[in-house]
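Sequence lines set the chain letters: A, B, ... in the order given, protein chains first and strands last, and positions in each chain run from 1.
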Amino acid sequence: MAAPLELSCWGGGWGLPSIHSESLVVMAYAKFSGAPLKVNVIDNTWRGSRGDVPILTTEDNIVSQPAKILNFLRKQKYNADYELSAKQGADTLAYIALLEEKLLPAVLHTFWVESENYFSVTKPWFASRIPFPLSLILPGRMSKGALTRILLTRGQPPLYHLREVEAQIYRDAKECLNLLSNRLGTSQFFFGDTPSTLDAYVFGFLAPLYKVRFPKVQLQEHLKQLSNLCRFCDDILNSYFRLTLGDG
Amino acid sequence: MSLVAEALVSQIAATEPWPENATLYQQLKGEQILLSDNAASLAVQAFLQMCNLPIKVVCRANAEYMSPSGKVPFIHVGNQVVSELGPIVQFVKAKGHSLSDGLDEVQKAEMKAYMELVNNMLLTAELYLQWCDEATVGEITHARYGSPYPWPLNHILAYQKQWEVKRKMKAIGWGNKTLDQVLEDVDQCCQALSQRLGTQPYFFNKQPTELDALVFGHLYTILTTQLTNDELSEKVKNYSNLLAFCRRIEQHFFEDRGKGSSSIRLS
């Protein structure tokens with residue numbers, strides 16, 4: 001526990017500590033569980049890998065992927081879930097699966113596949129934080145990866161067409177947002193008064209969607225109509241991430 | 001399907017009652033069908049039994065290719081063809097039968113979340129075991145998948161399917177997982193299901209819903225399918241309330257109706 005924990009992740013903007021969903025999930029969980037995390041934001045220098053971000057480094061270990069990082073933090077006694085009952089723990093897993101299946105494709109699409117958004121916002125943002133000449137290659141590769149993931153999990157074989165899938169994934173995402181809003185109701189967090197893993201995941205997926213300014217915004221519009229989810233994101237930002245705005 | 005086409009299908013569906021000759025198509029039961037497809041097919045059969053809708057199961061070697069979405073099972077009702085549990089539930093709802101109408105909004109959200117959990121973890125683990133674990137692939141999957149076809153088609157189709165599944169695994173981040181990690185995920189999923197079920201007869205207390213059908217389909221198939229080793233079914237057997245749950249649904253919806261869908265003893 002005395003070993004310093006360092007997290008490499010993508011940086012922030014538009015009032016968020018990070019605009020990358022997975023990095024944000026880990027940062028939020030660390031704040032909720034009280035883990036002392038030193039955040040290394042990836043910038044223009046060559047130092048640090050960009051492959052599997054976010055990455056947690058300690059003296060002896062390197063852990064990647066949010067689920068594994070959260071497990072590691074729990075083993076180090078930084079547990080945000082100890083007050084949850086068994087059923088609530090089970091619900092957490094189920095809702096995370098719901099987020100990954102229904103919401104994530106649309107978030108990936110909004111950020112990486114929708115051409116107006118990608119070329120005017122996402123690509124310049126990421127390219128400015130990656131040193132030349134990698135800045136020419138890496139954003140394209142991330143975009144390709146997002147498209148492949150969407151098509152392989154939602155497309156119909158043998159001809160994977162994006163058009164047919166687009167309408168469906170946005171519909172699923174809106175339904176997912178509605179379900180989350182219904183579940184949250186008027187509580188401050190999903191399981192009572194203290195935030196837990198599920199809150200970290202929901203915050204990580206929703207906050208970039210909520211805050212980043214995109215030209216093509218249909219999902220953002222829908223989210224803004226669900227006022228309890230917006231209040232949820234703002235509360236977490238104000239209580240746990242007091243940063244100056246207009247950062248990036 | 002596009003939104004307009006789907007609305008049209010719902011309209012048409014609503015006008016006709018459920019016919020007597022509705023059929024469900026799946027692959028050949030004895031020699032061809034694989035674990036994941038069997039689970040999906042059983043889930044749909046269980047769902048239709050729970051809704052009290054008659055269905056006849058027909059086995060065809062090319063069921064996968066007949067299906068409009070490429071996935072089995074699919075049902076042929078009147079002059080419409082619908083595949084996969086999600087669309088089938090909606091189709092049945094348009095005809096006026098639903099198992100989840102009595103749930104409130106929060107419960108419906110929970111039900112959908114748990115169904116995604118099963119799809120996300122159990123189904124993906126089944127696919128991983130079938131297509132990415134070399135032992136199972138060599139001994140069982142390759143032989144079964146290509147069995148109705150002559151050489152060399154049987155090998156080509158099997159390799160093609162394996163390549164497709166491996167691509168998908170890589171895209172969702174399961175490409176680097178070891179078998180042990182996959183089994184741990186299965187255990188986590190079963191633990192969550194067991195905790196949610198508790199001591200209730202069904203997931204939403206007295207009445208079964210599509211979630212019960214889906215969970216039954218997967219767990220029953222895992223428990224009763226012979227694989228190269230028993231690790232997968234051992235994970236499920238650790239949870240006695242899940243075993244009781246499967247037994248209860250099997251007794252109530254399959255044996256009692258006289259439809260013996262291989263009522264194998266759950267040991």
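- Atom OH of B:Y65 is surrounded by more than 12 heavy atoms from other residues, nucleotides or ligands within 6.0 Å.
- Contacts of A:F111 classified as ring-ring contact (aromatic ring centres under 6.0 Å, His included), with partners at least two apart in sequence or in another chain: A:F214.
- Heavy atoms of other residues, nucleotides or ligands lying less than 6.0 angstrom from CD1 of B:I156 number more than 12.
- The residue among B:N120, B:L197, B:V118 with the most heavy atom pairs within less than 4.5 Å of chain A is B:N120.
- B:K112 NZ to A:K102 NZ: the interatomic distance, rounded to the nearest 0.5 Å, is 7.5 Å.
- The structure places CG of A:L93 at 13.5 Å from CZ of B:R196, a figure rounded to the nearest 0.5 Å.
- The 12-atom threshold is not exceeded at CG of A:D193, counting heavy atoms of other residues, nucleotides or ligands nearer than 6.0 Å.
- More than 12 heavy atoms of other shown residues, nucleotides or ligands fall within 6.0 angstrom of atom CG in B:D101.
- When heavy atoms are compared at a cutoff of 4.5 Å, B:Q107 does not approach chain A at all.
- Nearest heavy-atom pair, B:A171 versus A:L152, reported as atom, atom and distance to 0.1 Å: CB-CD1, 3.8 Å.
- Residues A:D91 and B:Y114 have side chains in contact (heavy-atom distance under 4.5 Å, counting atoms from C-beta outward).
- Ranking B:Q188, B:Q191, B:M121 against chain A, the residue ahead of the rest is B:Q188, based on heavy-atom pairs under 4.5 Å.
- Under the side chain to side chain donor-acceptor pair (under 3.5 Å) criterion, B:E64 pairs with B:Y145, B:K161, sequence neighbours left out.
- The shortest side-chain heavy-atom distance between A:Y95 and B:E116 does not fall under the 4.5 Å cut-off.
- Rounded to the nearest 0.5 angstrom, B:I172 CD1 and A:T148 OG1 are separated by 13.0 Å.
- Between atom NZ of residue A:K87 and atom CD of residue B:E110 there is a gap of 4.0 Å, rounded to the nearest 0.5 Å.
- Contact annotation for A:E100: only side-chain heavy atoms (C-beta onward) come within less than 4.5 Å of a heavy atom of chain B.
- Counting all heavy atoms, side chain and backbone alike, A:A90 lies closest to B:A192 at CB-O, 3.3 Å.
- Within a 6.0 Å sphere centred on NZ of B:K93, heavy atoms belonging to other residues, nucleotides or ligands number 12 at most.
- A distance of 12.5 Å separates CG in A:N178 from NZ in B:K108, rounded to the nearest 0.5 Å.
- A:L179 contributes atom CG, which lies 9.5 Å from atom CE of B:M111 (distance to the nearest 0.5 angstrom).
- Surrounding NZ of B:K170 are at most 12 heavy atoms belonging to other residues, nucleotides or ligands under 6.0 Å away.
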